[in-house]
Participant: 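My questions all concern the structure below.
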Number of protein chains: 2
Amino acid sequence: MTDEAYVSIWMRPEQTSRGPKPAYSRAQIARAAVRIADAEGLEAATMRRIAAEIGAGAMSLYRYVPGRDDLIVLMADLLMGEINLRGIPSVDWRADLTRYAEEVRAMWLRHPWIATVHRSLHSYGPNQLLLIEQIMGVLDPHVSVDENLVLMSILNGYVESVARDEVTAAEELRRSGLTEQQWLARTHPYVQQLLESGDYPLFTKIALEARHPRLTSDAQFHQGLTRVLDCIATAIPTTESQNNHEKP
Amino acid sequence: MTDEAYVSIWMRPEQTSRGPKPAYSRAQIARAAVRIADAEGLEAATMRRIAAEIGAGAMSLYRYVPGRDDLIVLMADLLMGEINLRGIPSVDWRADLTRYAEEVRAMWLRHPWIATVHRSLHSYGPNQLLLIEQIMGVLDPHVSVDENLVLMSILNGYVESVARDEVTAAEELRRSGLTEQQWLARTHPYVQQLLESGDYPLFTKIALEARHPRLTSDAQFHQGLTRVLDCIATAIPTTESQNNHEKP
DNA sequence: CTCCACTGGGTATGTTGTACGCAGAAACAA
DNA sequence: TTGTTTCTGCGTACAACATACCCAGTGGAG
């Protein structure tokens, strides 16, 4: 299915000309793979397992996809399509970016395995590209393209890194096969050892004094998000709706 | 080497009591693995390959490390030890955080495979924990622990997400085995197709009008970093050295 | 009706992490 | 010193993986 000048799966559309009608489709295969990865992790989504899920033989998948890596690219783009940005951009950029951040994080939590997928320009499919269009459209009326790129890289960096931490922990818990209580009980001795060693005073300060880690992960997320959006606000020249800053 | 209540490799220190003197060591094995991963990617650092690198039999490694995943944890902590933060915290928090950001990014570029490693609390080794101590120490005199956590998560999010994008591209190039020119020539048709489709006006605007993507990656990185630090500055109550803002 | 580009998929191969077992070495107990 | 125990290095073996190759069957093009 590949030849020497292969670039990406997006340059190799599904084609059907002569011969028997295909029994399956890329979308069907990708959806089955996502289902398995959601439930049991990306490493469980093997070619054989995916094929079994749709009732096909293992080697049949290679009629639709050059290899497993390309299939994962398809899966990732499917996920990007789940992000619902209807009504964006609106008149309220801050609300738009908040909604975007929440949607991205929610998608990550639904599909924790996305943290293991490498994404770069040539792997961007239609859904990812559409997302870029919509999100760049939010600040496009207010700032230059260059400024827009910088600000979105800060926002995306924050959102993805928080989401990454959350799903890393969630995946570890799932992989362990333990309940959350059991897992915490297992991890506790290590934390205890660090605290008692006395070598890590600031880590100790975080563990003992900080209220942030005791908030719900939702609240933690929004706390940082608010700061990021405040930062973006200062970069926007003339805003009629100057947002409410609160300093405790 | 593992039993039912296994937590992490940091709870299982290297021990030597009875029996023959070990011929190798965890550190030696981890260093060899890092060397291979740097040169050929993490997937090339197989147990057999690492063992061969130090002149051992494949199964000998399991006398030092419970499994490959734990070895990768050791490798990651070795990398954290490369980050040189001598003289931090100083009196100038902005210089400190800039240096930290640059050091982290430089480390990522030296070891691109770090992007594929999942890190979470119970995988944090001594070097990672020391890094946390040092970096939390920078703003500790100026803000509350909670504020500090939020601000550092924004900074780390930015730094790691930019570094991640850079090393993803670099790894793709390496994996292709092509020169940069050849690689760009390969990718070009896809970009061209996107531009010509007319479906992605903002993507087109970025490709044609933006100057940001034409800067060196160093300059791109520092541009966003400056903004992040400006954002942090607004969260610090009384600063004697109010930094120079420039608005074009 | 003939052809052949296509399909589904069985079999086979090379590579991986790692379980198991064994021979030898070093510390301990006598 | 002399067992005895507990460690070491590591060869062999195995299950799981992605996937190359092959072949039989199918259905639109001529």
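For the numbers below, each heavy atom of this structure counts, side chains included, while hydrogens, waters and symmetry mates do not. Just so we're on the same page: letters track the sequence lines, and every chain starts at 1.
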Participant: Which nucleotide in the list dG9(D), dG17(C), dC22(D) gets nearest to the side chain of Arg63(A)?
Facilitator: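 Of all the options, the side chain of Arg63(A) is nearest to dC22(D).
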Participant: Answer yes or no: is there an ion pair linking Asp218(B) with Arg105(B), defined by an N-O contact shorter than 4.0 Å?
Facilitator: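 A salt bridge links Asp218(B) with Arg105(B).
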Participant: Assign Ala23(B) to base, sugar-phosphate, or nothing according to its heavy-atom contacts below 4.0 angstrom with the strands shown.
Facilitator: sugar-phosphate
Participant: Considering residues, nucleotides and ligands other than Glu43(A), do more than 12 of their heavy atoms fall under 6.0 Å from its CD?
Facilitator: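 Count over threshold, so yes.
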Participant: Are any of Lys21(B)'s side-chain N or O atoms less than 4.0 Å away from OP1 or OP2 of dC7(D)?
Facilitator: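 So the side chain of Lys21(B) is outside the cut-off, no N or O lying under 4.0 Å from OP1 or OP2 of dC7(D).
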Participant: What integer distance in Å separates Tyr64(A):OH from dC6(C):P?
Facilitator: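 From Tyr64(A) OH to dC6(C) P: 14 Å.
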Participant: May I have the distance from Ile50(A) (atom CD1) to dG9(C) (atom P), rounded to whole angstrom?
Facilitator: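 Value for this atom pair: 15 Å.
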Participant: Please state how far atom CE in Met59(A) lies from atom C1' in dG25(D), giving the value in whole angstrom units.
Facilitator: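 That distance rounds to 18 Å.
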Participant: Can you check whether Leu42(A) reaches Ile36(A) side chain to side chain, under 4.5 Å on heavy atoms?
Facilitator: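 No - every pair of side-chain heavy atoms lies 4.5 Å or more apart.
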Participant: Look at the side chain of Tyr24(B) and decide which nucleotide, out of dG9(C), dG28(D), dG9(D), has an atom nearest to it.
Facilitator: dG9(D)
Participant: Could you give the CD-to-C1' distance, from Glu43(A) to dA18(D), as a whole number of Å?
Facilitator: 16 Å
Participant: So for Arg68(B) and dG17(C), does any side-chain atom that can act as donor or acceptor lie under 3.5 Å from a complementary atom in the base?
Facilitator: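 When only heavy-atom distances are counted, Arg68(B) does not reach the base of dG17(C) through any donor-acceptor pair under 3.5 Å.
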Participant: Heavy atoms only, 4.0 Å cut-off, all strands: where does Ala56(B) land among base, sugar-phosphate and nothing?
Facilitator: sugar-phosphate
Participant: Nearest-Å distance, CD (Gln28(A)) to C1' (dG8(C))?
Facilitator: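 Those two atoms, CD and C1', are 14 Å apart.
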Participant: Relative to the 5' end of DNA chain D, which residue comes earlier, Thr46(A) or Pro20(B), by the nucleotide with the nearest heavy atom?
Facilitator: Pro20(B)
Participant: Quick one: the side chain of Arg48(A) and the base of dA18(D), do they pair up donor-acceptor inside 3.5 Å?
Facilitator: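 Result: at least one qualifying N/O pair found.
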Participant: Quick check on the 6.0 Å ring-centre criterion: do His188(B) and Trp183(B) meet it?
Facilitator: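 Between Trp183(B) and His188(B), which both carry aromatic rings, the centre distance is not below 6.0 Å.
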Participant: Provide, to the nearest angstrom, the distance between the CD atom belonging to Glu40(A) and the C1' atom belonging to dC17(D).
Facilitator: 16 Å
Participant: Report the residue (Ala58(A) or Gly57(B)) whose heavy-atom-nearest nucleotide on DNA chain D is the more 5′ of the two.
Facilitator: Gly57(B)
Participant: Please report, rounded to the nearest Å, how far the C1' atom of dG3(D) is from the CZ atom of Arg18(B).
Facilitator: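 Spelled out: CZ on Arg18(B) to C1' on dG3(D) is 12 Å.
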Participant: Pick out which of Arg35(B), Arg174(B), Arg49(B) makes a salt bridge (Lys or Arg N to Asp or Glu O under 4.0 Å) with Glu40(B).
Facilitator: Arg49(B)
Participant: Mind calculating the distance between OH (Tyr62(B)) and C1' (dC14(D)) to the nearest angstrom?
Facilitator: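 Roughly 13 Å, once rounded to whole Å.
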